[in-house]
There are 4 protein chains.
Amino acid sequence: MPASAGVRRRGAVRSEEARIAVLGATGRLFATQGYDHLTIEGIAAEAGVSKQTIYRWWSSKSAVVADALIEDKLLPDHPVVPDTGDIRADLIAWMQSLIDLVAQPGNDGLVRSLVAAACESPDIGTRLNDALGITATVSTRIEAAVAAGQLPADLPVMEFVRALVGGFVLHSLERSEPAPDIAERLVRALLH
Amino acid sequence: MPASAGVRRRGAVRSEEARIAVLGATGRLFATQGYDHLTIEGIAAEAGVSKQTIYRWWSSKSAVVADALIEDKLLPDHPVVPDTGDIRADLIAWMQSLIDLVAQPGNDGLVRSLVAAACESPDIGTRLNDALGITATVSTRIEAAVAAGQLPADLPVMEFVRALVGGFVLHSLERSEPAPDIAERLVRALLH
Amino acid sequence: MPASAGVRRRGAVRSEEARIAVLGATGRLFATQGYDHLTIEGIAAEAGVSKQTIYRWWSSKSAVVADALIEDKLLPDHPVVPDTGDIRADLIAWMQSLIDLVAQPGNDGLVRSLVAAACESPDIGTRLNDALGITATVSTRIEAAVAAGQLPADLPVMEFVRALVGGFVLHSLERSEPAPDIAERLVRALLH
Amino acid sequence: MPASAGVRRRGAVRSEEARIAVLGATGRLFATQGYDHLTIEGIAAEAGVSKQTIYRWWSSKSAVVADALIEDKLLPDHPVVPDTGDIRADLIAWMQSLIDLVAQPGNDGLVRSLVAAACESPDIGTRLNDALGITATVSTRIEAAVAAGQLPADLPVMEFVRALVGGFVLHSLERSEPAPDIAERLVRALLH
DNA sequence: AGATAATCGAGACGGTACGTCTTGTCTTAGT
DNA sequence: ACTAAGACAAGACGTACCGTCTCGATTATCT
């Protein structure tokens with residue numbers, strides 16, 4: 001009968017070094033090449049790790065990406081939602097900074113890559129909202145507005161956030177011209 | 001003297017038969033295998049057409065898919081938006097039928113496939129809204145509601161629609177449990 | 001009134017211009033790219049002629065090449081065999097000039113290309129000897145030597161020539177170092 | 001302590017099984033289809049091996065063929081040169097058996113295929129003489145004849161052999177009628 | 001003058017094979 | 001035990017030519 005606590009199993013332990021190298025390499029390549037052109041072999045080479053080491057711990061490319069997403073290797077810092085008391089102005093400001101972020105050179109295609117990854121993997125899909133910084137910042141702000149009576153008490157916050165982010169995502173997929181007032185219009189579509 | 005306009009160039013003319021076979025095959029395979037597992041070789045084989053014939057007229061897999069999308073080979077019939085005078089009830093009904101549509105066996109992953117295609121191709125991205133039947137049916141209904149005074153006159157209709165569909169898309173990507181009231185909550189998030 | 005014999009058939013007549021363009025293009029491409037890399041499409045493009053025009057008059061690549069060979073489009077001028085009375089010296093001199101000819105830059109691979117063509121086509125095979133200028137010049141010289149009593153009367157001239165040229169061809173296929181006395185050794189192997 | 005010389009590198013070792021399968025398949029296909037119709041894809045399929053495995057170890061079709069040639073996968077057993085003391089009769093007998101060999105059904109085109117391969121590859125060219133069994137058997141017999149005083153002491157043996165085989169090769173390329181005394185005439189051209 | 005028949009260019013067509021790339025599994029040696 | 005290296009079977013990629021075919025224009029002969 002094994003000891004109740006952690007009977008450290010035999011053999012060498014998983015190399016934390018390798019794990020970090022893989023996730024770091026994934027982040028770097030994701031940023032430079034996008035999700036589609038990411039390859040397991042490329043990650044292994046960039047990380048200085050063997051393919052088998054990746055396959056041993058992750059089941060697929062998207063699993064690696066999902067992990068890298070969790071560990072914040074994939075994205076630049078998310079903008080935070082300001083809180084001036086004016087929920088509409090705050091959301092517009094936040095949406096604008098989100099748009100500015102992905103409009104920066106180098107960040108081109110970042111949303112597309114994330115969405116492509118989400119299409120492949122339920123894991124990433126689930127975390128897509130989080131990845132765009134929503135739960136942590138937007139939901140909180142919305143709930144504050146609800147509490148302040150600026151928004152109806154029965155507002156389905158999660159769906160509200162999804163609609164907001166979804167609108168942004170669809171806009172990104174269209175690669176349309178950067179209409180200057182898109183942030184304002186998008187927020188106004190929800191807050192009328 | 002020949003007709004003024006087309007100075008018909010020399011050489012054999014493009015085979016309409018081949019064009020149709022390719023788009024048809026694309027539609028069939030897209031439905032059964034999804035966008036990711038679609039291959040040019042597979043389409044060529046299914047269509048009874050040579051690869052070169054595909055590459056001669058389309059530049060990539062996504063270009064073929066975009067064309068098939070235009071020609072309505074990819075999607076089952078879109079639900080139409082009812083018009084009972086109650087904009088909220090109508091949108092909920094429409095959203096519910098959309099959800100039911102993609103919940104049907106065989107249509108699983110259809111939205112994911114479409115979005116994946118949109119990630120690869122600006123063309124498809126642009127048409128994604130149309131593909132989901134929006135411009136044709138939803139926008140019209142929204143505008144009617146605006147005209148009827150049920151929605152503010154300055155509502156940015158396009159963004160409203162994008163938010164609605166975007167919310168639906170993000171929900172689909174999450175593959176979450178089929179919450180029964182999701183249609184209602186999504187619409188209520190926008191119409192509060 | 002037309003010539004009595006030829007019941008000139010109806011329709012346009014074969015374009016001599018096209019025929020010449022094809023053979024000329026064949027010669028040019030054969031010289032620069034070798035037989036293997038010669039393509040019908042390449043010849044058609046170089047000649048400014050449609051593929052069908054080639055296929056209408058020639059059955060295959062090798063048929064075109066055979067024709068070009070006959071019309072002397074493929075080869076630089078063949079060296080002639082001198083006649084000083086000394087058959088051995090004459091053959092060595094001729095062989096040496098043959099070796100020098102194919103050693104010139106640009107003529108590299110010419111023999112290989114010819115032999116490759118001969119491997120594909122009986123026609124070209126038959127004419128390979130002729131192509132290397134043998135029948136016309138060497139045989140005559142040999143026969144003169146036979147007549148002069150320098151070579152046995154029952155010498156099988158054709159086989160003698162074949163052995164001489166065959167030795168040269170095998171030497172060319174080996175791409176060995178250009179041994180300076182190879183011409184002399186080759187002739188001495190036959191005239192001992 | 002490892003052996004001084006080969007510091008065995010890491011990773012899986014080359015599969016001898018695959019190597020043999022490839023050369024065997026090459027031999028089989030070469031015999032049935034000839035060099036021209038040999039394809040890498042065909043070899044891979046016949047050998048039950050992936051194309052990449054072939055491209056990893058050989059640079060081209062001709063390299064595979066050259067290897068198969070070395071390993072004697074391509075040719076039936078070469079006739080040996082008899083030694084009755086009569087060099088002329090022996091050579092005629094050998095040449096006749098060579099001619100008979102390639103005249104057998106199934107061996108048709110074997111010489112042409114070999115020569116075609118030699119045209120493409122210096123390697124094969126170099127080994128073409130060996131492939132026809134010359135160095136091993138003919139040269140030895142010739143040298144014996146030289147030693148016995150039947151042939152001049154300064155005879156360039158290599159060139160003599162090349163002329164003999166070259167004559168045979170040119171004869172084969174011509175696909176002429178099987179003259180019954182061709183072996184005798186060819187040898188007499190050299191031994192007069 | 002028309003009809004007929006063969007030419008020519010251009011180029012689309014279904015195919016085969018190329019050589020490269022990636023995937024996911026496996027084997028071997030080093031730590 | 002776990003890693004790095006790398007070979008392996010499978011199969012898609014996009015390209016190059018193959019040989020056949022269709023198109024419209026042109027040219028020549030026959031009625």
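Remember, predicted model here, so these are calculated numbers, not experimental data. Naming convention: chains lettered A, B, ... in sequence-line order (proteins, then strands); numbering from 1 in each chain.
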For [X] and [N], give me the distance from atom [atom1] to atom [atom2], rounded to whole Å.
| X | N | atom1 | atom2 | value |
| --- | --- | --- | --- | --- |
| Arg14(C) | dT29(F) | CZ | C1' | 20 Å |
| Ile54(B) | dA12(E) | CD1 | P | 15 Å |
| Arg10(C) | dA5(E) | CZ | C1' | 6 Å |
| Arg56(C) | dA5(E) | CZ | P | 16 Å |
| Ile20(B) | dA12(E) | CD1 | C1' | 17 Å |
| Glu17(C) | dT27(F) | CD | P | 12 Å |
| Glu16(B) | dC13(E) | CD | P | 11 Å |
| Lys61(A) | dT22(E) | NZ | C1' | 10 Å |

- line: Rounded to the nearest 0.5 angstrom, the OG1-NZ distance for Thr53(C) and Lys51(C) is 12.0 Å

Euclidean distance, Ile43(B) CD1 relative to Lys61(B) NZ, rounded to 0.5 Å: 8.0 Å

task: Check whether any side-chain N or O of Ser121(C) sits under 3.5 Å from a backbone N or O of Ala117(C) as a donor-acceptor pair, and report yes or no.
output: no

message: Please check this pair: side chain of Ser113(D) against backbone of Gly34(D), looking for a donor-acceptor N/O pair closer than 3.5 Å.
response: no

message: I'd like to check Ile40(C) versus Tyr55(C) (side-chain heavy atoms, cut-off strictly below 4.5 Å). Are they in contact?
response: yes

- prompt: How about Ile124(B) and Ser62(B): do any of their side-chain heavy atoms sit closer than 4.5 Å?
  reply: yes

message: Expected output is a numbered-order residue list: members of residues 27-45 of chain A with a heavy atom under 4.0 Å from any atom of DNA chain F. What is it?
response: none

Would you tabulate the nitrogen or oxygen pairs shorter than 3.5 Å linking the protein to nucleotides 20-22 of chain F?
unit_1	atom_1	unit_2	atom_2	d
dC21(F)	N4	Gln52(C)	OE1	2.3

query: If every non-hydrogen atom of Cys119(A) is compared with every non-hydrogen atom of Leu173(B), which pair is closest and at what distance?
result: SG-CD2, 3.9 Å

task: For residues Leu114(C) and Phe30(C), report the shortest heavy-atom separation together with the two atoms involved.
output: N-CZ, 3.9 Å

task: Check whether any side-chain nitrogen or oxygen of Trp57(D) sits under 4.0 Å from OP1 or OP2 of dG6(F), and answer yes or no.
output: no

Taking distance alone, no hydrogens or angles, what donor-acceptor pairs closer than 3.5 Å link side-chain atoms of residues 12-20 of chain D to residues at least two apart or in another chain?
unit_1	atom_1	unit_2	atom_2	d
Ser15(D)	OG	Glu17(D)	N	3.4
Ser15(D)	OG	Ala18(D)	N	3.0
Glu16(D)	OE1	Arg19(D)	NH1	3.1
Glu16(D)	OE2	Arg19(D)	NH1	2.4
Arg19(D)	NH2	Glu71(D)	OE1	3.0
Arg19(D)	NH2	Glu71(D)	OE2	2.5

- prompt: Given dG9(E), dG14(E), dC8(F), which nucleotide is nearest the side-chain atoms of Thr53(B)?
  reply: dG14(E)

query: Of Ser15(B) and Ser50(C), whose nearest nucleotide on DNA chain E comes first from the 5' end?
result: Ser50(C)

